[in-house]
Number of protein chains: 2
Amino acid sequence: MDQVLSSVRNGCRLLKIFLDSPKELGVTELSKKLQLSKGAVHKLLSTLESEGFIRQNEKTKQYTLGYTLLELGTKVLTNHDIVDFSKPFLDQLVSRTNELAVLCVQDSKDAIYVAKEDSLHPVRFTVESFRRFPLYSTSAARVLLAYQPEEFQDEILQEHPLKSYTPHSYTSVEQIKEDLVTIRERGYEISSNRRNTGVTGIAAPIFDSTGHITASVSVIGPSDRVMPKKDEILQETLATVRAMSAQLGYRMS
Amino acid sequence: MDQVLSSVRNGCRLLKIFLDSPKELGVTELSKKLQLSKGAVHKLLSTLESEGFIRQNEKTKQYTLGYTLLELGTKVLTNHDIVDFSKPFLDQLVSRTNELAVLCVQDSKDAIYVAKEDSLHPVRFTVESFRRFPLYSTSAARVLLAYQPEEFQDEILQEHPLKSYTPHSYTSVEQIKEDLVTIRERGYEISSNRRNTGVTGIAAPIFDSTGHITASVSVIGPSDRVMPKKDEILQETLATVRAMSAQLGYRMS
DNA sequence: AACGATGTTCTCTATTCGTGAACAAAACAG
DNA sequence: CTGTTTTGTTCACGAATAGAGAACATCGTT
């Protein structure tokens with residue numbers, strides 16, 4: 001694909017470097033990570049700064065992400081109606097299960113939690129919203145992947161060299177693919193210790209009026225609290241996604 | 001200033017157009033607003049899309065802001081320690097005044113509310129966080145402006161053709177400049193109906209160890225509730241900013 | 001005071017950005 | 001259903017500039 005504006009791409013990548021870095025970065029450091037000359041990086045930074053996407057610390061001379069990104073980020077949320085739509089459902093799910101409930105959507109080749117409702121438990125598991133993670137790593141994400149065409153599933157599973165998070169993470173592509181089949185058959189996913197040790201997730205899909213999957217809902221909590229109540233939580237989760245799907249116009253066949 | 005990468009600037013401006021537009025926009029519309037050819041806009045969009053900054057609705061073919069902006073936006077917040085720092089202070093202020101409390105910072109030539117704590121009142125005034133507004137428009141913003149060099153104040157007040165929000169908004173530059181002097185003399189601002197009719201704000205500055213202003217705190221609410229208690233609220237606000245400044249190492253002279 | 005690191009500026013050419021027009025593909029109207 | 005309009009997409013080319021690389025400036029450190 002040569003239909004790409006190289007400097008714009010560089011600007012985007014520069015910004016994304018900050019996602020996995022300390023809050024401030026210098027020109028030299030950025031030029032190494034981007035493999036660009038210091039001069040080029042400096043021009044990028046001043047352009048981005050003049051538009052409010054980057055800020056320079058006057059004392060340290062180092063650079064940080066600017067407030068315009070905060071404006072744009074909140075706009076993404078307000079644009080995304082499913083977030084508002086899901087709020088009352090997640091609330092209810094939390095009040096009935098006493099565990100964290102999240103809404104997970106797919107964005108190109110990643111999964112993201114776009115809404116969450118924390119449990120009121122003093123000891124509670126929390127997730128990081130709005131950060132991408134692989135479509136095979138959590139139960140909510142795997143539900144999304146399960147309802148995608150097989151070619152896409154293979155593309156995802158081949159691409160990454162399967163990140164391993166815990167001793168119980170997946171080790172083979174075949175293992176995941178079997179699980180994806182199971183998810184479609186049962187209509188839900190329940191799994192422990194894949195992404196975080198001692199944590200169990202129960203997830204199910206939401207469909208729209210065209211029958212396509214739009215998001216997934218997951219209840220997540222410490223395994224020793226969730227496992228004893230797993231049937232009850234599963235029923236609540238399934239009831240929730242059915243209600244949500246119905247409201248989106250989905251008719252069960 | 002010709003030290004600017006034009007395509008990067010165009011990309012940034014394209015993204016910002018979405019801030020004041022419906023959630024989806026088409027190529028033609030964007031090309032008009034940017035005054036660029038359709039082809040150029042299309043290249044911009046595909047580049048931004050490949051980096052996750054833009055998403056295309058497959059049905060309508062129109063474009064929206066992408067999730068990467070959400071990631072970056074939340075990163076801005078976690079980077080910004082003053083937001084976390086201010087949380088307990090705002091909480092306390094709300095519990096004592098029963099009105100909305102906000103933290104306001106300056107970003108280049110604008111003001112932004114970067115943290116807020118809603119009042120528990122059933123009828124409550126709310127503000128939009130993370131959106132820019134002029135440094136002369138709200139009490140919290142004017143406090144920030146009041147402690148800036150006079151040249152900068154003039155620059156700000158000359159630049160805009162003073163936006164008018166309510167019948168009681170400022171109409172002349174002189175009027176604002178007088179108010180800025182008063183703010184410095186008194187160390188706080190209290191004003192009604194400038195930005196929103198029937199709303200009163202009480203704001204005061206936070207200083208760091210070098211004596212520079214870093215942010216301002218404001219209590220905002222319906223005038224008929226705030227005005228009768230204004231002395232009490234003012235004292236609470238002043239106590240809060242003094243405590244915050246002290247913790248940042250500021251020593252009162 | 002000399003050094004080493006940083007951020008910043010400069011010059012120049014290969015690169016590419018943006019234009020404008022042609023194309024495809026929908027949405028719409030008659 | 002068919003012609004028409006409007007949309008998004010592709011293309012070729014010349015003018016504009018992005019990026020390299022070195023020199024410069026400005027720190028903090030030794």
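To find a chain, count down the sequence lines: A is the first, B the second, and so on, and within it residues start at 1.
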Once salt bridge (charged side-chain N to carboxylate O under 4.0 Å, His left out) is applied, do any residues pair with B/K33, and if so which ones, sequence neighbours excluded? none
Who passes side chain to side chain donor-acceptor pair (under 3.5 Å) against B/S7, sequence neighbours left out? A/S7
Could you pull out all residues at least two apart from A/E185 that satisfy side chain to side chain contact (heavy atoms under 4.5 Å, CB included)? A/V181
Does OP1 or OP2 of C/dT8 have a side-chain N or O of A/Q56 closer than 4.0 Å? yes
Stretch residues 17-32 of chain B: residues that reach within less than 4.0 Å of DNA chain C through a heavy atom: none
Can you sort out the partners of A/R55 under side chain to side chain donor-acceptor pair (under 3.5 Å), two or more places apart, ordered by chain and number? none
Length of the NZ-C1' vector between A/K61 and C/dT9, whole Å: 13 Å
Residues that A/F85 engages under ring-ring contact (aromatic ring centres under 6.0 Å, His included), provided they are two or more places apart: A/F89
Check the distance between D/dA22's P and A/H42's NE2 and give it to me in whole angstrom. 19 Å
Listed pairs under 3.5 Å, donor-acceptor, residues 60-72 of chain A side chains, sequence neighbours left out:
from  : atom 1 : to     : atom 2 : distance (Å)
A/T60 : OG1    : A/E24  : OE1    : 3.0
A/T60 : OG1    : A/Q62  : N      : 3.2
A/Q62 : OE1    : A/G26  : N      : 3.0
A/Y63 : OH     : A/Q56  : NE2    : 3.2
A/Y67 : OH     : B/H80  : NE2    : 2.1
A/T68 : OG1    : A/E51  : O      : 3.4
A/T68 : OG1    : A/G52  : O      : 3.1
A/T68 : OG1    : B/R132 : NH2    : 2.7
A/E71 : OE1    : B/R131 : NE     : 2.9
A/E71 : OE1    : B/R132 : N      : 3.4
A/E71 : OE2    : B/R132 : NE     : 2.3

Under 4.0 angstrom between A/Y63 side-chain N/O and C/dT8 OP1 or OP2: yes
Given B/Q148, which partner from the list B/Q106, B/E155, B/Q153 fulfils the side-chain hydrogen bond (donor to acceptor under 3.5 Å, both in side chains) test? B/Q106
Measure CG/B/N57 against C1'/D/dT7 and give the value in whole Å, please. 14 Å
Would you name the heavy atoms of B/L144 and B/V105 that are closest together and state the gap between them? CD1-C, 3.5 Å
Set of ring-ring contact (aromatic ring centres under 6.0 Å, His included) partners for B/F207, sequence neighbours left out: B/Y147, B/Y250
Heteroatom pairs (N/O) under 3.5 angstrom, protein to nucleotides 18-25 of chain C:
from   : atom 1 : to    : atom 2 : distance (Å)
C/dG18 : OP1    : B/N10 : ND2    : 3.1
C/dG18 : N7     : B/K43 : NZ     : 2.9
C/dG18 : O6     : B/K43 : NZ     : 3.4
C/dT19 : OP2    : B/S37 : N      : 2.7
C/dT19 : OP2    : B/S37 : OG     : 2.8

Specify the angle, to 10°, made by the local axes at the two ends of the helix from C/dG4-D/dC27 to C/dG30-D/dC1 when five pairs are taken at each end. 50°
Partners meeting side chain to side chain contact (heavy atoms under 4.5 Å, CB included) with B/T74 (sequence neighbours left out): A/F130
A/L34 CG to D/dG19 C1', in whole Å, measures 13 Å
Residues that A/D84 engages under salt bridge (charged side-chain N to carboxylate O under 4.0 Å, His left out), provided they are two or more places apart: none
Whole angstrom value for the distance that separates P of D/dG8 from CD1 of B/I54: 13 Å
Atom CD of A/E58 and atom P of D/dT26: how far apart are they, to the nearest Å? 16 Å
